[in-house]
**Q** 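What follows is a structure written as structure tokens; I'll ask about it next.
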Amino acid sequence: MPELPEVETIKNNLQEILPLRIKELELRREDILRSRDYALKELAGQSIEEVSRRGKYLILAVDNGLFLVFHLGMSGRLYIQEEELTLLEPHVHVIIHLDKPFKLLYQDARRFGGLWLLKDIDSFFSRLGKEPLSEEFSPRYLAQILKGRQTAIKNLLLNQSLISGLGNIYADEALFIAGIRPDRKADSLSLREIEGLCCGIKEVLAKSIKYRGTTFRDYRDGRRQPGEFQKHLQVYGRFNQACPTCGQPLKRSRIGGRSSHYCDKCQQ
DNA sequence: CGCTAGTCCTGTCTGC
DNA sequence: TGCAGACAGGACTAGC
């Protein structure tokens, strides 16, 4: 699914077309709306002035203080389509009709994603951990959240209440950059390894944003274009292929129910 | 509290 | 070609 770099890319796409005046939000499947602090009708005639991201969530700020929050789950897409193009792809669950020659579509085959209509986003996002690209996300913070944890480091990187925005792809890539096996107990990392991991996380996320995210299958950006970072992945999805550093075939195993990709030789 | 396994969905790929 | 089963980028929960 879209992880931090993919959601950031969509955010950047949408920022270029602001402001967006909403004519109507058409909800084509009720269960996509996860919770609601206000009625859909309140959105009519309002304008979206600001788009932001928190973890893997995309936040559209409406000018009367309301918020539209999307999470794209595994297969969600949020993209613009010309207004006169009435033919819809399957699984388009939300259409935001705009005062412009295009509309904003939310498409999600697996429906793990969803939409929240919120008045107070602070409490909604209070359960999320630090943003990995922020200055606050430091080796010191990482050391603090690893301390005493017996779970595999990979599991910890995916825990959104500790670090918000990392998913399976970038967790594997960051661990490879840092030379740390994904099944290492979190508590067993040295300070040096923690520093390397902190750098690795920031590095891989920043680079992926530069390449507009990773498209394995489903992901598309706000213009419905695939990303390019899949060409730069070093371990994810490369089971049995040569390690980019040492040439040995890469390994794959299951950690916390998720597939993990790593090099037996380069990661300790 | 920490952690694991199961669950929600559909689409795609693999192997028989 | 058909079909069953595994698997997929996430996150919540029940239960130990």
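All values derive from a computational prediction rather than experimental measurement. A, B, ... follow the sequence lines: proteins, then strands. Residue 1 opens every chain.
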**Q** Determine whether the aromatic ring of A:Phe112 stacks with the base of C:dG10, defined as ring centroids separated by less than 5.5 Å and ring planes inclined by less than 30°.
**A** yes
**Q** Could you check whether atom CD of A:Gln150 has more than 12 heavy atoms from other residues, nucleotides or ligands sitting under 6.0 Å from it?
**A**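 Count over threshold, so yes.
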**Q** Considering only atom P, compute the distance from C:dA14 to B:dC9 and round it to an integer number of Å.
**A** 16 Å
**Q** Scan residues 149-164 of chain A against DNA chain C and write down, sorted by residue number, each residue with any heavy atom closer than 4.0 Å; if none is found, say none.
**A** A:Gln160
**Q** Would you mind reading off the distance between A:Ile145 atom CD1 and B:dC3 atom P, rounded to a whole angstrom?
**A**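 Whole-Å distance recorded here is 12 Å.
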**Q** Between A:Phe124 (CZ) and C:dC12 (P), how many Å, whole number?
**A** 9 Å
**Q** Judged by each residue's nearest nucleotide on DNA chain C, which is more toward the 5′ side, A:His71 or A:Arg254?
**A** A:Arg254
**Q** What integer distance in Å separates A:Arg29:CZ from B:dC8:C1'?
**A**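 Value for this atom pair: 12 Å.
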**Q** Is there a Watson-Crick or G-U wobble partner for B:dC9 with both distances under 3.5 Å, and if so, which one is it?
**A** none
**Q** Check every strand shown and say whether A:Gly167 touches a base, only sugar-phosphate, or nothing at a heavy-atom separation below 4.0 Å.
**A** sugar-phosphate
**Q** Check step by step if ring-ring contact (aromatic ring centres under 6.0 Å, His included) holds for A:Tyr236 and A:Phe216.
**A** CA-CA 10 Å; A:Tyr236 185 85; A:Phe216 243 76; 5.1 Å; yes
**Q** What's the shortest heavy-atom distance between A:Ile180 and A:Gln267, and which atoms?
**A**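 The answer is O-NE2, 2.8 Å.
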**Q** Would you check if A:Ile169 and A:Phe229 make a side-chain contact, meaning some heavy-atom pair closer than 4.5 Å?
**A** no
**Q** For B:dT12, does either OP1 or OP2 sit under 4.0 Å from a side-chain N or O belonging to A:Arg110?
**A** no
**Q** Over how many whole Å does the gap from A:Arg54 atom CZ to C:dA11 atom C1' extend?
**A** 16 Å
**Q** Base, sugar-phosphate alone, or nothing: which one does A:Arg252 contact when heavy atoms must sit under 4.0 Å apart?
**A** nothing
**Q** Considering all heavy atoms of both residues, which atom of A:Leu87 and which atom of A:Gln81 are nearest to each other, and what is their separation?
**A**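 Shortest heavy-atom contact: O-NE2, 3.4 Å.
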**Q** Verify the contact: side-chain N or O of A:Ser75 to OP1 or OP2 of C:dA8, cut-off strictly under 4.0 Å; return yes or no.
**A** no
**Q** Tell me if the CZ atom of A:Arg140 is crowded by more than 12 foreign heavy atoms within 6.0 Å.
**A** no
**Q** Quick one, which residues of residues 199-220 of chain A touch DNA chain C with a heavy atom under 4.0 Å?
**A**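 The stretch gives A:Thr214, A:Phe216, A:Arg217, A:Asp218, A:Tyr219 as the residues lying under 4.0 Å from the strand, ordered by number.
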**Q** Nearest to the side chain of A:Glu3, heavy atoms from C-beta on, is which of C:dG10, C:dA8, B:dG11?
**A** C:dG10
**Q** Output the single nucleotide from B:dT10, C:dC12, C:dG10 whose closest atom is nearest the side chain of A:Asn168.
**A** C:dG10
**Q** Considering all heavy atoms of both residues, which atom of A:Gly76 and which atom of A:Pro2 are nearest to each other, and what is their separation?
**A**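 Heavy-atom minimum between the residues: O-CG, 3.8 Å.
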**Q** Mind calculating the distance between CD1 (A:Ile32) and C1' (C:dG10) to the nearest angstrom?
**A**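 Going from CD1 in A:Ile32 over to C1' in C:dG10 covers 14 Å.
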**Q** Assign the ring pair A:Tyr106 / A:His93 to parallel, tilted or perpendicular, where the plane angle (0 to 90°) is split at 30° and 60°.
**A**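 It falls in the tilted class, 30° to 60°.
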**Q** May I have the distance from A:Arg127 (atom CZ) to C:dA11 (atom C1'), rounded to whole angstrom?
**A** 9 Å
**Q** Checking A:Arg54 against A:Tyr57: charged group under 6.0 Å from the ring centre and within 45 degrees of the axis?
**A** no
**Q** C:dC7 P sits how many Å from A:Phe239 CZ, rounded?
**A** 12 Å
**Q** Atom CZ of A:Arg258 to atom P of B:dG6: distance rounded to whole Å?
**A**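 Atom CZ in A:Arg258 sits about 16 Å away from atom P in B:dG6.
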**Q** Can you see if the side chain of A:His91 gets near the phosphate of B:dG11 - specifically, an N or O under 4.0 Å from OP1 or OP2?
**A** yes
**Q** Quick one: which residue pairs count as a side chain to side chain donor-acceptor pair (under 3.5 Å) with a foot in residues 197-209 of chain A, not counting sequence neighbours?
**A** A:Tyr170-A:Ser208
